[in-house]
Structures are given as C-alpha cells and as structure tokens.
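These notes concern the structure reproduced below.
Chain letters run A, B, ... following the sequence lines, proteins first, then strands; residues in each count from 1.
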There are 2 protein chains.
Amino acid sequence: MELRHIRYFLAVAREGNFTRAAARIGIGQPPLSQQIRDLETEIGTALFHRVPHGAELTEAGAAFHDVVAQFPDLAERAIRAARRAGRGETGTIRVGFTASAAFSPSVPGVFRDFRRAFPAVEMTLEESNSAQLVTRLKEEQLDAVFLRQDAIADDGIRLHVISSGPMVVVLPAGHPAAKHDKVSLSQLRDDALILTPRDVGPTHYDKVVSACRNAGFEPQMGQIAPQLGSVINFVAAELGFSLVPKPMTQLQANGVVYREIDGEVPIAELSLAYRSNDISIALRNFVSRTLAAHRSFSEPDED
Amino acid sequence: MELRHIRYFLAVAREGNFTRAAARIGIGQPPLSQQIRDLETEIGTALFHRVPHGAELTEAGAAFHDVVAQFPDLAERAIRAARRAGRGETGTIRVGFTASAAFSPSVPGVFRDFRRAFPAVEMTLEESNSAQLVTRLKEEQLDAVFLRQDAIADDGIRLHVISSGPMVVVLPAGHPAAKHDKVSLSQLRDDALILTPRDVGPTHYDKVVSACRNAGFEPQMGQIAPQLGSVINFVAAELGFSLVPKPMTQLQANGVVYREIDGEVPIAELSLAYRSNDISIALRNFVSRTLAAHRSFSEPDED
DNA sequence: AAGTAACGGATATGGCGCAGTTCCATCGGT
DNA sequence: ACCGATGGAACTGCGCCATATCCGTTACTT
C-alpha cells in the first residue's frame with residue numbers, strides 16, 4: 001500500500017463515483033478502478049460497494065477511512081515541518097548575556113527582532129557574568145552569549161565584536177568633580193575604585209585598571225561589588241567611583257551621576273560568542289541576523 | 001512522496017547507515033540512496049547529514065521523523081480496522097426482545113455467546129412488547145428482535161422460529177385444581193382468563209383463546225394485564241388464571257403455581273426476526289450464530 | 001413493451017518511466 | 001594499504017497510466 005492508494009481511495013470515498021474521482025485526481029477511470037482493486041486485494045476485503053450510480057463505502061471501507069483520512073494532512077505536515085526546520089524556523093537556541101550587555105541598546109533589539117522573524121524558534125535567555133557565560137558556552141549549556149570581552153582564548157569558540165563605545169565615570173553626586181561635564185581620571189586618584197571581581201569579568205577589570213595607570217596613578221581598590229547593580233549602589237553610598245560602558249547610564253539612581261572622561265577614554269567592546277562546531281540552523285540565522293544588524297548601525301564607529 | 005519513501009527514510013534513520021538499512025529493507029544501497037535523494041529533492045532540504053561512518057538526521061530530518069514515525073503503525077492500523085470490519089468484528093447491532101423471550105434459557109445464552117465471540121461489536125439490548133418491537137424493527141430502530149410469534153406479514157422481514165415449547169397454566173395456589181400435577185383447561189371454564197392486550201401480542205393472545213375454545217369453552221375475559229409481570233401478580237391476587245410459555249416458571253411468586261396442561265397443549269414459539277435488506281456483517285454473524293446455536297439444542301423437538 | 005442512449009465500472013493491451021540490480025569510483029578512517 | 005560507506009552510471013524488468021472496449025443498469029423515447 002502506498003500513499004497513492006490512500007489518495008485514490010479518499011477521492012473515490014469523497015466523490016462516491018470512480019469517474020469523477022479519476023477526473024479530480026488527474027488519471028483515467030480504468031487505472032483508478034485497478035488501483036482500488038489492487039488495494040482491496042492487498043487488504044483482503046472490499047472497501048467499496050459498487051452500485052449502478054457509483055460506489056459506496058462498505059463497513060470495512062468506513063473503518064479504513066476513519067484511520068487513513070488523516071494521512072494527506074499528516075504527510076503535508078511532515079513536509080512543512082522538515083522545510084521549516086531546514087530553514088531554521090524551528091528549534092531552540094539558548095542565549096546568555098551579561099548585565100551590561102543587556103543595557104546595550106542593540107542586544108534587546110536583537111532579541112526582539114529575532115523573535116519576530118522566527119516566532120517558532122524557542123529562544124531562552126539567561127543573564128550571568130562573563131566568566132560563567134563562557135563556561136556554560138563551552139559546556140554546551142548555552143548556544144550564544146553577549147559579553148563585554150574582545151577575545152576568548154579557545155579555538156572552539158568564535159567571537160565577533162559587534163559594537164564598541166566609550167566608558168564613562170560613575171561617581172557620587174556630591175563629589176566635587178561631579179560639577180563638571182567631563183572628569184579627568186587623575187582627579188579621582190585619591191578615591192576608591194569600585195569593581196566587580198576580576199575572575200567574573202577579567203577584560204573589564206583589566207581595562208579599568210589600565211585606564212587609571214595610563215592617567216598616572218595606581219587605583220586604590222575599593223569595595224568589591226558582586227554584580228553590576230551593586231557597583232551603582234556602592235557609588236550611591238559614596239564608597240568610591242567606577243568606570244562603566246556608556247549604555248549603563250540608563251541605570252539611574254539617587255546620588256549617582258555619570259560623567260564623560262576628559263583625556264584618554266577606555267573603550268568597552270560588546271561581543272557575540274558561540275561555538276564553532278555543531279551550529280544549528282536556527283543559531284546560524286541568529287548569528288547572521290545579529291551581525292547584519294550591527295553592521296547596519298555600528299558603522300561608522302561611534303565614540 | 002509515497003509510503004515507500006517514508007519506510008526507507010525511517011530505516012536509514014534507525015540504522016544510521018544506508019548499507020545496513022538497505023539490507024534490512026531488502027534492496028541495494030544505491031537505490032536506497034537514490035530514493036532518499038529523491039525525497040530530499042521533493043521536500044527541498046537535506047534530511048540526512050552524510051558522515052564517513054554513515055548518516056545522521058539533520059534538524060529537518062528530525063522534524064520530519066517526528067511526524068512520519070507513526071505512519072507505518074497507522075497504515076497497519078487502517079488495514080487491521082478494515083479487515084476486522086470486513087469480518088464483522090466491529091460495528092453495532094441493536095437487539096430487542098419480549099419479556100417472555102428473555103425467560104427463554106437460550107436467548108440470554110445467545111447474548112453471552114455473541115459478546116464473547118465479538119467483544120468489539122457494540123450490542124445494545126431493548127425489552128419491549130411484540131407489536132412495538134416489530135414496529136421498531138421496520139423503522140430501522142432495531143436490527144433484530146426475539147419474540148413469541150411464528151409469522152410477520154411483511155416481505156421485508158425475515159423470521160426464523162428458533163425454538164418452541166409447551167405452554168403451562170398459571171393459577172392461584174389455593175385454587176382447587178392446584179392440587180393436581182396436571183390441569184385440564186375445562187376445569188377452569190368458570191374462572192376468569194387474564195391476558196395482556198391483544199394488540200401488544202396478538203399471536204400469544206389468539207393461541208390462548210383458541211386453546212380454551214378447543215377445550216370446549218369460551219374463556220371469560222378477566223383483568224387486562226399491561227405486561228407479563230402483571231399477569232403473575234393478578235393471578236397471585238386470585239383474579240383468575242392464564243397460560244404462559246413454560247420458561248416463565250422461573251418467575252416465582254407467593255400464591256402462584258404452574259401446572260402442566262392435561263389434554264391438547266398449546267405451543268409457544270420463539271422466533272428471531274430481522275430485516276432482509278441492508279444487513280451488516282455483524283448482524284449476519286449474529287443471526288448465523290443464533291441459528292447455529294438453536295440447531296444444536298432445538299433438535300430433537302422438545303415437548 | 002421495446003429499442004436506444006447515457007452513465008459507470010471493469011477488462012485487455014501497449015508503452016513509458018521508474019525502481020532495483022550490478023559494477024565501479026571516491027572518500028574518510030584505521 | 002585496507003576496509004567501510006556513499007554515490008554515480010548503465011541496464012533491465014516491472015508497474016502505472018492511457019486507450020480501446022465490453023458489460024450492466026437506468027432513463028428516455030417511440
């Protein structure tokens with residue numbers, strides 16, 4: 001028995017007449033009659049009761065019909081499912097991001113854009129710190145991560161810098177330097193520097209420490225902030241200052257101000273990282289859309 | 001796409017290897033490779049990722065597999081359903097019977113036997129009087145009926161007498177004639193005769209009246225009993241006597257005795273009636289089993 | 001009532017395309 | 001170098017479809 005037999009059977013059942021069914025199918029009435037006869041021989045019982053004006057289903061035919069009626073739709077569904085999967089329109093991708101990446105204007109835009117383009121792809125999001133994101137990426141617990149890092153020392157991971165921008169100073173509102181639109185880092189040589197632990201975000205840590213050294217002073221390490229939100233809170237508590245990527249200015253708090261840096265400005269990169277092997281089609285779509293989106297608005301360079 | 005393609009696809013998916021799959025199917029590896037290639041061309045996306053040691057499903061292949069994996073079982077189920085229906089192993093039959101038919105030893109046995117032989121046939125049972133059963137049979141509300149009638153004047157209905165037996169007298173325990181093992185009907189010439197209305201069971205009615213006339217007296221019509229159970233109750237109330245088929249003796253009541261008839265004994269037939277056109281296979285099976293069962297124990301004639 | 005036409009299914013025959021066989025080349029892994 | 005696996009090419013046989021025709025039933029006309 002083939003799907004052809006089922007299609008022919010259903011056509012006759014629907015028309016109640018071999019001749020009309022044959023016309024609808026696009027073959028002649030004699031081969032249709034023969035194909036149904038072959039099917040009845042294979043099954044071993046008549047499916048149609050031939051009458052002068054056509055044919056009616058027998059009880060066996062009705063029982064057969066009850067099961068096979070769904071075949072055409074199922075066959076169509078199987079083909080559509082394969083096609084959609086082949087285009088990456090279905091599947092799952094697990095994306096991680098750091099807190100500061102989330103404040104980037106483009107990252108939420110990428111999520112929104114991708115959901116709209118591929119609503120049937122299940123995209124799960126997970127916020128964590130850079131080090132943990134990289135670990136989970138390597139352990140195949142995540143498929144892609146946005147993080148503020150411009151390199152990952154692992155051949156199995158691809159990393160694209162998708163945007164970059166200046167860092168800014170975040171300091172207490174009552175700080176003398178807060179009166180100025182721009183702040184020279186050297187003005188802060190006597191203040192404590194608040195950072196997240198180096199092991200959770202080494203790239204950011206090292207860039208901030210280098211910026212201070214380039215401004216001529218060794219930073220006095222202040223309170224260690226467990227996460228980014230804590231950095232802002234500690235600054236509000238007048239425990240010191242910090243440097244953050246400019247998009248962080250969205251995170252407003254009482255007693256906190258952001259100021260541009262007068263002098264050499266450290267740059268914060270935003271990157272997309274993913275494993276180089278075993279990329280799903282959905283992930284491939286996600287990466288290419290993300291890179292395309294950032295090519296369109298990351299040129300020319302912002303500063 | 002045909003079921004052949006699906007069978008081939010599932011075989012490769014299962015084996016992870018075209019050569020082994022071909023061996024399992026019973027064709028060569030090259031035609032299998034070509035058939036899968038044809039399927040992939042029709043769908044428009046690769047279903048397998050060819051690797052040195054065989055083949056793995058792509059995401060499209062996995063999505064396709066999720067839907068088509070059920071096809072072989074569904075195809076088998078359709079064929080089996082058709083075959084069962086063709087053998088009358090499924091379907092519905094609606095059987096009616098009179099109260100006194102139910103007291104026949106064989107009728108419940110027929111129901112039990114048929115249910116065991118064809119558990120998937122839905123058999124519904126309905127008790128009613130003869131006239132109503134015949135009406136419902138003609139109106140296609142019932143498929144077969146057991147009734148105490150030896151003829152039905154309707155060419156569209158087939159009737160088989162499946163058993164017959166003597167009637168017995170039912171009279172009050174205190175009746176003078178109750179002292180004897182056998183009772184001559186003429187002993188009851190002065191007693192009232194209790195019967196169900198003629199229009200609900202004309203055959204029984206006429207046979208009883210004839211029996212009285214053959215015994216030399218015109219019966220005095222007593223209380224009209226709306227149904228058979230009422231007949232026994234009225235006799236218990238000493239309102240008169242009646243004649244019933246012998247199996248009715250199972251219905252015992254205080255103050256009631258059954259006595260065989262001394263002299264010419266009227267006979268009660270039990271018949272199976274059904275329409276002669278449009279017989280379902282399940283009904284055909286039911287009728288043939290009922291007739292076979294009664295041929296085995298209705299010979300020799302009981303009396 | 002008889003003859004004729006129309007409708008519908010089934011049988012017979014021939015041809016073309018497809019599925020399967022056989023042989024062999026290529027590639028990757030051991 | 002050898003082995004296992006896939007895929008290409010040539011060939012063959014079978015199955016599906018088209019065409020012609022027959023048979024049975026029903027409806028219509030005379």
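Side-chain N or O atoms of B:Q70 include one that pairs as donor or acceptor with a backbone N or O of B:V67 at under 3.5 Å. Between the B:H65 side chain and the B:G61 main chain, no donor and acceptor come within less than 3.5 Å of each other.
A pairwise comparison of heavy atoms in A:N129 and A:T98 identifies C-CG2, 4.2 Å as the closest pair. Counting all heavy atoms, side chain and backbone alike, A:L10 lies closest to A:A69 at CD2-CA, 3.9 Å. The minimum heavy-atom distance linking B:I152 with B:A273 is given by the pair CD1-CB, 3.8 Å.
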remark   = Per-nucleotide protein contact along nucleotides 23-28 of chain D, 5' to 3', at a 4.0 Å heavy-atom cut-off (B base, S sugar-phosphate only, - neither), is --SS--

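In the set D:dC17, D:dT6, C:dG20, the nucleotide with an atom closest to the side chain of B:Y8 is C:dG20. Here the nucleotide nearest the side chain of A:N17, chosen from D:dC17, D:dG7, C:dG8, is C:dG8. Listed nucleotides D:dA5, C:dG20, C:dA10 differ in distance to A:F18; the shortest reach to its side chain belongs to C:dA10.
For the pair A:R20 CZ and C:dG9 C1', the computed distance is 14 Å after rounding to whole Å. As rounded to whole Å, 17 Å separates atom C1' of D:dG15 from atom CG of B:L3. Atom CZ in A:R4 sits about 17 Å away from atom P in C:dG17, given to the nearest Å. Taking atom CD1 of residue B:I27 and atom P of nucleotide C:dT22, one finds them 13 Å apart after rounding to whole Å. The separation between A:L32 atom CG and D:dT19 atom P is 16 Å, rounded to whole Å. Taking atom CE on A:M1 and atom P on D:dC16, their separation rounds to 14 Å, with Å as the unit. For the pair B:R7 CZ and C:dA19 C1', the computed distance is 13 Å after rounding to whole Å. Rounded to an integer number of Å, the gap from CD of B:E56 to P of D:dA5 is 14 Å.
Of the side-chain N and O atoms in B:R50, none sit less than 4.0 angstrom from OP1 or OP2 of D:dA5. OP1 or OP2 of C:dC7 has not a single side-chain nitrogen or oxygen of A:T19 nearer than 4.0 Å.
The one candidate from B:R4, B:R7, B:E40 that meets the side-chain hydrogen bond (donor to acceptor under 3.5 Å, both in side chains) condition with B:Q35 is B:R4.
Contact of B:Q29 with D:dA5 (side chain to base): no donor-acceptor pair of N or O atoms is detected under 3.5 Å.
Taking a 4.0 Å limit (strictly below) on heavy-atom distances, residues 33-45 of chain A reaches DNA chain C at A:S33, A:R37.
Taking a 6.0 Å sphere around CZ of A:R14, one finds it holds 12 or fewer heavy atoms contributed by other residues, nucleotides or ligands.
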key: Residue pair A:I6, A:M1: steps toward the side-chain contact (heavy atoms from CB on, under 4.5 Å) verdict   = CA-CA 8 Å; A:I6 293 172; A:M1 180 172 77; 4.1 Å; yes

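Between B:F146 and B:F286, the two ring planes are perpendicular [angle over 60°; tilted spans 30° to 60°].
The distance from atom CZ of B:R275 to atom CZ of B:R158, rounded to the nearest 0.5 Å, is 12.5 Å.
Two residues, A:P30 and A:H53, neighbour DNA chain C, and the one matched to the more 5' nucleotide by heavy-atom proximity is A:H53.
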